[in-house]
Peer 1: 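Dropping the structure in here first, questions after.
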There are 2 protein chains.
Amino acid sequence: MSRSTGRRLGRAGIRDVAAAAGVSITTVSDALNGKGRLPDATRSHVREVAERLGYRPSAAARTLRTGKSGLIGLTVTTYGDEPFTFTEFAYFAEMARAATSAALARGYALVILPATSRHDVWSNVALDGTVVIDPADGDPVVTELVRHGLPVVSDGRPGGTLPVTGWVDNDHEAAVLGLLDHLADAGARRIGLLTGNTTDTYTRLSTTAYIRWCERVGQDPVYESYPAHDPCAGAVAADRLLARPDRPDAVYGLFDPNGTDLLAAARRYGLRVPDDLLLVCCSESTVYATTEPPITTLSLKPRRIGTAVVQILIDAIEGLGDGRPVEQVIPTDLIVRTSSQRRSPRTTVSPPRGPAGD
Amino acid sequence: MSRSTGRRLGRAGIRDVAAAAGVSITTVSDALNGKGRLPDATRSHVREVAERLGYRPSAAARTLRTGKSGLIGLTVTTYGDEPFTFTEFAYFAEMARAATSAALARGYALVILPATSRHDVWSNVALDGTVVIDPADGDPVVTELVRHGLPVVSDGRPGGTLPVTGWVDNDHEAAVLGLLDHLADAGARRIGLLTGNTTDTYTRLSTTAYIRWCERVGQDPVYESYPAHDPCAGAVAADRLLARPDRPDAVYGLFDPNGTDLLAAARRYGLRVPDDLLLVCCSESTVYATTEPPITTLSLKPRRIGTAVVQILIDAIEGLGDGRPVEQVIPTDLIVRTSSQRRSPRTTVSPPRGPAGD
DNA sequence: TCACCTTGCAGAAACGTACCTTCCTCCGAG
DNA sequence: CTCGGAGGAAGGTACGTTTCTGCAAGGTGA
């Protein structure tokens, strides 16, 4: 007696296809997956029947059987109360987009997960590996994942001795040093820094690079720090920085909104940019191309980082690389605009047309 | 003979926990899931053993058995070449963040998926339901999902007769009408529109609302449209709009970057904002609070939309609502700043301190 | 004492797929 | 005539859960 008949409702299973095509389950599986030794006639016949029945293999069953889910976790460390905070909006959006594209191109999908240690969510989804953005020192989630044998690749050099499968990062120190040199070349005598008071690697490396540069050129460090996840605090800190008695004549802002914050603060103090104050900030946002004046930005190349992270992770999942951790450094890109050039009297980015009523 | 012993490697399964605790598999399952009739002693003992062995239930097996994966798809319609494009950056980022938070709070995780009809990715992941952003008329992916019995909730009123489980949207027409009235109140005599040439519902509704408003007040429509996914095209279109012989004295820009684009164009033509040109744009970005001058923006409340969409979807998944489609309208929020106020000589947003050298 | 309920737990059947193993058949070479 | 081998397809098990059903032991009222 065949109990395979009489599926009351719900989707067609592989059994139904087998029955309808008059072959065995094995043959259906082989035909659809391109395995086994089957004549083309059988293969196409099975495919046709499957198509007609609207058959879709059960992802859960396949995952259970093969041990591969085709899912990659994407985690952002959380700052405030929300289980999921993006600082550096544009950076994250760009990075996530690139990572998604790269994953999809290789047949994987991305799952957004919180970086908290609430196991209930993590263990409810079968992951083949995980991308972690800016993991904290000795992050318990990462440690746990690695202990269970899951590949983990991080965006940002992992702090401490986090045993990740690989990481991708910029050379933040070199970027900051180069940028400060650029400002000094443009005539800056005292360069200030707007930085965060968080302990993530990006903030730490950038700040120490700044301090070292100051030591090297014999300048007293002039900086203000604030909680980077609070947008209002950024404006306040920018104001504080320009209110100091030892007011800098150039400022680098570590975070995306710092450019507009500093610009607004400069206006309040009657400082002209770039004449009285040179400005650079780290951002992926295109708005800085059309501010008045356009602001020089440091791009961390999130697209390249997102792509690279996913490639490394999938290579590890599929056992392509050797077992050793992969470490990759992506160069940054300083997009020089008016705000950091004292020589050039007019904008360097070309307006769409040139009908300016000058 | 017990074949449950001797697990060579890999994670501990429920069998191992049962063996180690000296109970049956059923008891372990019941103890960990809070079901069955077990004395607290047994329950805690099993939990302790499971903890000691580092036991994590297999998500794949659970999904296979229960038919629920705890995963929700998140899809954005694609515009250009990339499999995944975000127009309206900040809108999407905010919406996705809210949706993620809301989903996590109810024990679900979000999977980012492409809106293409490439089945191989979709069928490789077990979804309980899907959120679709701005689905096109008769979207094949949505149709397919619904046909398979999966709940689908859309951000944006679905075009055509898409049989979705529910949708959430703003009242775009009311928003545009209200905003145009606001500009007229501020003294605008000829209001222009910067719009897109795509066919999505948002663009279509907003544009027709604009045209109807013009008819009502007896103004000739003055608008330029451009492909919204191309950032450069926006700047060009803004320029075109202000170069027209029938130059408007107020402009509403439908897309996020339009504010800076229009501001830049105005500067090129020597137009002062708001004295010569009133400006409003639709954006979620906070940069418009600190531009010179600050720009009035229309917020579509992506946080509320993202949250609402997920709540409706999960209610449908868990069979909480009645079977009927849920339709929810979220009010928009006009954040009035200097750019649309001719009366107010100074900024209305309060600077952090007041040391401005005025 | 018997019937009956409650408590505490175990057995075993699914869930839907992939794949290892086996089996049959046909054909040509020895 | 036999034997080896290859092509073609089916059988059956395992993946790791959840959960339905059932069984024994102990308690209780008649």
Side-chain angles (χ1 to χ4, degrees), chain A residues 2-4 6-46 49-50 53-70 123-126 128 148, chain B residues 2-4 6-46 49-50 53-70 123-126 128 148:
Chain A
S2 75
R3 71 131 194 288
S4 62
R7 291 190 57 75
R8 40 244 159 251
L9 40 81
R11 309 216 319 259
I14 198 174
R15 273 198 301 269
D16 306 283
V17 177
V23 296
S24 76
I25 293 179
T26 305
T27 303
V28 174
S29 177
D30 284 349
L32 296 180
N33 296 336
K35 304 196 171 177
R37 321 170 286 200
L38 297 179
D40 287 348
T42 309
R43 227 176 262 281
S44 57
H45 174 228
V46 169
V49 171
L53 296 186
Y55 168 70
R56 298 271 172 270
S58 148
R62 168 175 289 164
T63 300
L64 177 58
R65 183 62 236 252
T66 62
K68 299 254 154 272
S69 66
S123 58
N124 252 336
V125 35
D128 290 346
H148 277 304
Chain B
S2 74
R3 70 134 195 286
S4 61
R7 289 192 57 75
R8 39 239 161 259
L9 40 82
R11 310 215 319 257
I14 198 175
R15 274 197 299 267
D16 306 284
V17 178
V23 295
S24 77
I25 292 179
T26 307
T27 303
V28 175
S29 178
D30 283 348
L32 296 180
N33 296 335
K35 302 197 170 178
R37 314 169 294 204
L38 298 178
D40 287 348
T42 310
R43 228 176 262 281
S44 57
H45 173 228
V46 169
V49 172
L53 296 185
Y55 167 70
R56 298 273 171 268
S58 149
R62 169 176 291 165
T63 300
L64 178 59
R65 181 64 235 250
T66 62
K68 300 255 154 270
S69 65
S123 58
N124 252 336
V125 35
D128 290 347
H148 277 305

Peer 1: Under a 3.5 Å distance rule, please check whether B/Thr63 uses its side chain to pair with a backbone N or O of A/Ala60 as donor and acceptor.
Peer 2: no
Peer 1: Under 4.0 Å, counting only non-hydrogen atoms across every strand here, what does A/Ile25 touch: a base, just sugar-phosphate, or nothing?
Peer 2: nothing
Peer 1: When the distance from CZ of A/Arg15 to C1' of D/dG11 is rounded to whole Å, what number comes out?
Peer 2: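 Computing the A/Arg15:CZ to D/dG11:C1' distance gives 14 Å.
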Peer 1: Walk me through whether A/Ile14 and A/Tyr55 qualify under side-chain contact (heavy atoms from CB on, under 4.5 Å).
Peer 2: CA-CA 7 Å; A/Ile14 198 174; A/Tyr55 168 70; 3.6 Å; yes
Peer 1: Specify the separation, in whole Å, of atom CZ of A/Arg65 and atom C1' of C/dA18.
Peer 2: 4 Å
Peer 1: Can you see which heavy atom on A/Val17 is nearest to which on A/Leu53, and at what distance?
Peer 2: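 Result for this residue pair: CA-CD1, 4.0 Å.
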Peer 1: Counting any heavy atom closer than 4.0 Å, what does B/Thr26 reach on the DNA or RNA strands: base, sugar-phosphate only, or nothing?
Peer 2: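 Contact class for B/Thr26: base.
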Peer 1: B/Asn124 has an atom CG; how far is it from atom P of C/dT17, in whole Å?
Peer 2: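 About 12 Å, once rounded to whole Å.
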Peer 1: Pick the nucleotide of DNA chain C nearest each of A/Ser58 and B/Ser24; which residue has the one closer to the 5' end?
Peer 2: B/Ser24
Peer 1: Please report the interatomic distance CG(B/Asp30) to CD1(B/Ile25), rounded to the nearest 0.5 Å.
Peer 2: 12.0 Å
Peer 1: If you take any heavy atom closer than 4.0 Å to DNA chain C, which residues from residues 27-38 of chain A end up in contact?
Peer 2: A/Ser29, A/Asn33, A/Lys35
Peer 1: Could you state the atom-to-atom distance from CG of A/Leu64 to C1' of D/dT13 in whole Å?
Peer 2: 13 Å
Peer 1: Is a side-chain donor-acceptor pair under 3.5 Å present for A/Thr27 with A/Ser24?
Peer 2: yes
Peer 1: Less than 4.0 angstrom between a side-chain N/O of B/Thr42 and OP1 or OP2 of C/dC9, yes or no?
Peer 2: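 Yes, within the criterion.
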Peer 1: Under the 3.5 angstrom rule, does the side chain of A/Ser44 hit a backbone N or O of A/Ala41 as a donor-acceptor pair?
Peer 2: yes
Peer 1: Rounded to the nearest Å, what distance is computed from the CD1 atom of residue B/Ile14 to the P atom of nucleotide C/dA13?
Peer 2: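 In whole Å, C/dA13 P lies 17 Å from B/Ile14 CD1.
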Peer 1: NA contact type, A/Thr63, heavy-atom cut-off 4.0 Å: base, sugar-phosphate, or nothing?
Peer 2: nothing
Peer 1: Looking only at heavy atoms, which two atoms of B/Leu32 and B/Ala50 are closest? And how far apart?
Peer 2: CD2-CB, 4.2 Å
Peer 1: Rounded to the nearest angstrom, tell me the gap between atom CG in B/Asp40 and atom P in C/dT7.
Peer 2: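 So the CG-P distance, B/Asp40 to C/dT7, works out to 13 Å.
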Peer 1: Rounded to the nearest Å, what distance is computed from the CZ atom of residue A/Arg43 to the C1' atom of nucleotide D/dA9?
Peer 2: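 Interatomic distance, CZ of A/Arg43 to C1' of D/dA9: 12 Å.
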